[in-house]
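First up is the structure itself, then whatever we jot down about it.
Predicted model only: the values in this text are computed from it and were never measured. Throughout, protein chains are lettered first and strands after them, A, B, ... in sequence-line order, and every chain is numbered starting at 1.
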There are 2 protein chains.
Amino acid sequence: MQQRSEETQARILEAAIRRFSISGYNGASVDEICAEAGVSKGAFYHHFSTKQAVFLALLNGWLGTIDTGLKAVRQETVPQTLMQMTSMLTVIFASADDRLPMFLEFWLQASREDAVYQAMIAPYRYFADYFTSLIKTGIAEGSLKEVDPEIIAQAILSIAIGTLLQGLLDPDRTNWSRVAEQSIQALLAGVIKS
Amino acid sequence: MQQRSEETQARILEAAIRRFSISGYNGASVDEICAEAGVSKGAFYHHFSTKQAVFLALLNGWLGTIDTGLKAVRQETVPQTLMQMTSMLTVIFASADDRLPMFLEFWLQASREDAVYQAMIAPYRYFADYFTSLIKTGIAEGSLKEVDPEIIAQAILSIAIGTLLQGLLDPDRTNWSRVAEQSIQALLAGVIKS
DNA sequence: TAAAAGATACCGACTGGTCGGTATCTTTTA
DNA sequence: TAAAAGATACCGACCAGTCGGTATCTTTTA
């Protein structure tokens, strides 16, 4: 019995991500999503309480895969791990192209609702902390100089985010994932103990 | 004669920036802006052809002041100039807090219209180019190592943008303008010829 | 120089359309 | 046959932009 139900739900989710990434969160209407999913509005609201709920489901799915991906990257030393993560950026860039604009848009308007804001800020903080502790580990294991861990972690994060955004803004200006990699390497060059 | 007209226009602009920064571009209705400006809808559309036109006027004003500010900063050597710009970040951070979200939101939805997209991408490119040439000058004058100018310029820009965005996302996490300054200094440390 | 003519600024009711969500009815499933 | 799933018509709120008309200036004219 859940067979059909699950399929419908999956179709709605797939249609939603397609419409959202094309037209944005506000730009994609529920009717549009239903049409693309080949599903009635009644079915839509049978499976999801609001448009926002569909979006949040999509967001959590994406965060989950990123988290899994990051935890999978663990090399012997911290610099090696960071380099590995840097080269992961190319993949992240590719998937961000579709998703990032809609998440950004949603965040910009949802940040005024406290509940949604908390749901979005938690994973960010989790990741930023994880990154800082990675730098600390590097200092402890002696592979990194005695820098301020928070500053360096933030610098790397900022480069990643800043490059991501510029890549969105002006995709054809340059090879953005290469710029991101080399920028981080330029920063790391002054931090790695050799 | 234009006296009254200019005052009305100014009032609309002021009200618009207030409403836009509180409710966002889509969230702020023209009626709302008119109410706050103490002006009728007719007056609004007498002075501006569309809601978008008001917004663009606001954007250009902001870009103008930033441009003026940047050109005013010119020290003897490029590293000194960069340091000076870095300390300007605190001021930019303050003014961005209000404006950046609405500009981001607008850009996200306007980037689908080619005309508006061009209007927004031009100043960005102009600034990015200006920055790259600044690094080139530094190399030419011998104050910077022989690095890839584009990469370093992008890295600095990315740090600025990335920090700005994180400051928006999680304002209370840390002192963001300090993080930005120190991140850029960490990067420059490896690039300055001493 | 004052009245007429014209231009500019402004007013606010109204329109056409959109969209998220609901109510109600029908079909499928177990 | 009852409950889950799905279809369809509809509601109410919102909103950008229009339009016919009025008020307030500026310029021309006699």
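- As rounded to whole Å, 16 Å separates atom C1' of dA16(D) from atom CZ of F55(B).
- Of the options E141(A), Q84(A), K193(A), a side-chain contact (heavy atoms from CB on, under 4.5 Å) to P79(A) is made by E141(A) and by none of the others.
- For Q118(B), the CD atom counts as densely surrounded, since its 6.0 Å shell holds more than 12 non-hydrogen atoms of other residues, nucleotides or ligands.
- Contact annotation: H47(A) does not reach the phosphate of dA4(D) (side-chain N/O to OP1 or OP2, under 4.0 Å).
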With both pairing distances under 3.5 angstrom for Watson-Crick or G-U wobble, and | for a partner in another strand, the correct string for DNA chain D is ||||||||||||||||||||||||||||||
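- Classification of the Y126(A)-Y130(A) ring pair by plane angle, with boundaries at 30° and 60°, yields parallel.
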A correct 5'-to-3' footprint of nucleotides 11-26 of chain C, with B, S and - meaning base, sugar-phosphate only and no protein heavy atom under 4.0 Å, is BB------SBBB----
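- If you take CZ of F48(B) and P of dA9(C), they are 12 Å apart, rounded to a whole angstrom.
- The neighbour count for E76(A) CD, taken as heavy atoms of other residues, nucleotides or ligands under 6.0 Å away, does not exceed 12.
- Within a 6.0 Å sphere centred on CZ of R74(A), other residues, nucleotides and ligands contribute 12 heavy atoms or fewer.
- Put simply, H46(B) has a side-chain N or O that comes within less than 4.0 Å of OP1 or OP2 on dA9(C).
- When only modelled atom types and interatomic distance are considered, Q185(B) and T86(B) share no side-chain donor-acceptor pair under 3.5 Å.
- A salt bridge between D129(B) and R125(B) is absent, with no side-chain N of the basic residue lying under 4.0 Å from a carboxylate O of the acidic one.
- For T8(B) and dC10(C), the shortest distance from a side-chain N or O to OP1 or OP2 is below 4.0 Å.
- In the model, Q166(B) has a side-chain atom that pairs as donor or acceptor with a side-chain atom of S158(A) under 3.5 Å.
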